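Proteins come first, then strands; the chains are lettered A, B, ... in the order of their sequence lines, and each starts at number 1. Quantities reported herein were computed from a predicted structural model and do not represent experimental measurements.
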Amino acid sequence: MPFVDLQTRLGIDADKWLLNQSSLQPRQKAARCHAFEKDWIECSHNIGQTRSKKECQLELEDFNECLHKKNTSKRLYAIRQQRDKMIKEGTYTPPPCHSGQANPSP
Amino acid sequence: MAGSKVKQDMPPAGGYASFDYKRNLPKRGLSGYSMFGIGIGIMVFGYWRLFSWNRERRRLQIEEMEARIALMPLMQAETDRRILRMLRENLEEEAILMKDVPGWKVGETVYHTDRWIIPLTEELFNLRPRNEHLQKRFGFKWYV
């Protein structure tokens, strides 16, 4: 019910825990995109959807990027393709740290 | 009828010796109650040993966890250094690789914010052999 916050009245938490990632999670383990979601929610709180779409666009884009990692994987793919192309042309040899002789000590 | 001169199979003189033929079911052993008592006593003793050993195991487990907690800053520092080193290597390789690609900004971040974002294993192992990446992601799994 819209104006009757029944769950707060009854003091129960039937589905608030799953409405967004930033709610209290079991064992207080934060979600991976907790910060981005919190930023977006804080930005768009109480201003309505129309305003939020205009004013909180950067936060929303960051949140979506964190969730789906589209731009990140596109960028990584481009780097990999370029590397394979250059290896085929013979202009590039991977350094020892990237060729399997990596020394994984910190 | 033949006389008493025929040889027949007769019992010995004086008859056979007497022997036991009555049933012999002696009462022996412990009573049922005492057997129950012994069983329950052994069980109680076993429970007592189990519970006290479990308490000891709990103390040992707490000690192990405290050792882990004490070592955690060191482990975290090592992990952080490793991540930063891998990111640095990736950045330098990216600068070498994408030199001739038009419109590429080396090390640009895809986010609009400048807070520290924990890198994915894909990012860290992007230029390394694929089996290292798979090892990092799935090497810990014990099931399929």
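- Heavy atoms from other residues, nucleotides or ligands lying under 6.0 Å from CH2 of B:Trp116 number more than 12.
- Across all their heavy atoms, B:Arg128 and A:Cys97 have their closest contact at NH1-O, 3.2 Å.
- Shown here is B:Glu56, whose CD atom has more than 12 heavy atoms of other residues, nucleotides or ligands within 6.0 Å.
- Atom CG of B:Leu97 is separated from atom OH of A:Tyr92 by 4.5 Å, given to the nearest 0.5 angstrom.
- Taken together through direct or relayed side-chain contacts under 4.5 Å among Ile, Leu, Val, Met, Phe, Trp and Tyr, A:Leu58 and A:Ile47 form parts of separate hydrophobic clusters.
- Following chains of ILVMFWY side-chain contacts shorter than 4.5 Å, one cannot reach B:Ile40 starting from B:Phe45, and the two form parts of different hydrophobic clusters.
- Between A:Ser99 and B:Pro129, the shortest heavy-atom distance links the atoms C-CG, 4.0 Å.
- Within 6.0 Å of CZ in B:Arg115 there are more than 12 heavy atoms belonging to other residues, nucleotides or ligands.
- Surrounding NZ of A:Lys53 are at most 12 heavy atoms belonging to other residues, nucleotides or ligands under 6.0 Å away.
- Heavy atoms of other residues, nucleotides or ligands lying less than 6.0 angstrom from CD of A:Glu89 number more than 12.
- Residue contact with chain A, scored on non-hydrogen atoms closer than 4.5 Å, involves the backbone and the side chain of B:Glu108 alike.
- No side-chain heavy atom of A:Lys69 sits less than 4.5 Å from a side-chain heavy atom of B:Val110.
- Note: the hydrophobic cluster containing A:Ile41 does not contain A:Leu24 (ILVMFWY, side chain heavy atoms under 4.5 Å, direct or indirect links).
- Formation of a donor-acceptor pair under 3.5 Å by the A:Asp62 side chain with backbone atoms of B:His112 is found in this model.
- Heavy-atom neighbours of B:Arg59 CZ from other residues, nucleotides or ligands within 6.0 Å: above the threshold of 12.
- One hydrophobic cluster holds both B:Val106 and B:Val101 under the rule that ILVMFWY side chains link at heavy-atom gaps under 4.5 Å.
- At a 4.5 Å heavy-atom cutoff, the contact between B:Leu120 and chain A is made by side-chain atoms alone.
- Between chain A and the residues B:Asp80, B:Asn90, B:Leu127, the most heavy-atom pairs under 4.5 angstrom are made by B:Leu127.
- Contacts with chain B (heavy atom to heavy atom, under 4.5 Å) involve these residues of residues 72-83 of chain A, listed by number: A:Thr72, A:Arg75, A:Leu76, A:Ala78, A:Ile79, A:Arg80, A:Gln82, A:Arg83.
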Item to check | Stepwise side chain to side chain contact (heavy atoms under 4.5 Å, CB included) check, A:Glu65 with B:Ile117 | outcome: CA-CA 11 Å; A:Glu65 168 63 29; B:Ile117 293 141; over 6 Å; no
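- The closest donor-acceptor contact from the side chain of A:Arg32 to the backbone of B:Ile118 lies at 3.5 Å or more, if one exists at all.
- Ranked by heavy-atom pairs under 4.5 Å with chain A, the first of B:Glu89, B:Met86, B:Arg81 is B:Glu89.
- Side chains of A:Phe36 and B:Thr113 form a contact here, defined as non-hydrogen atoms less than 4.5 Å apart.
- In terms of the side chain to side chain donor-acceptor pair (under 3.5 Å) criterion, B:Arg68 has no residue partners (sequence neighbours excluded).
- Both B:Met43 and B:Phe51 sit in one connected hydrophobic cluster of ILVMFWY residues. Membership requires side-chain heavy atoms under 4.5 Å apart, directly or through other members.
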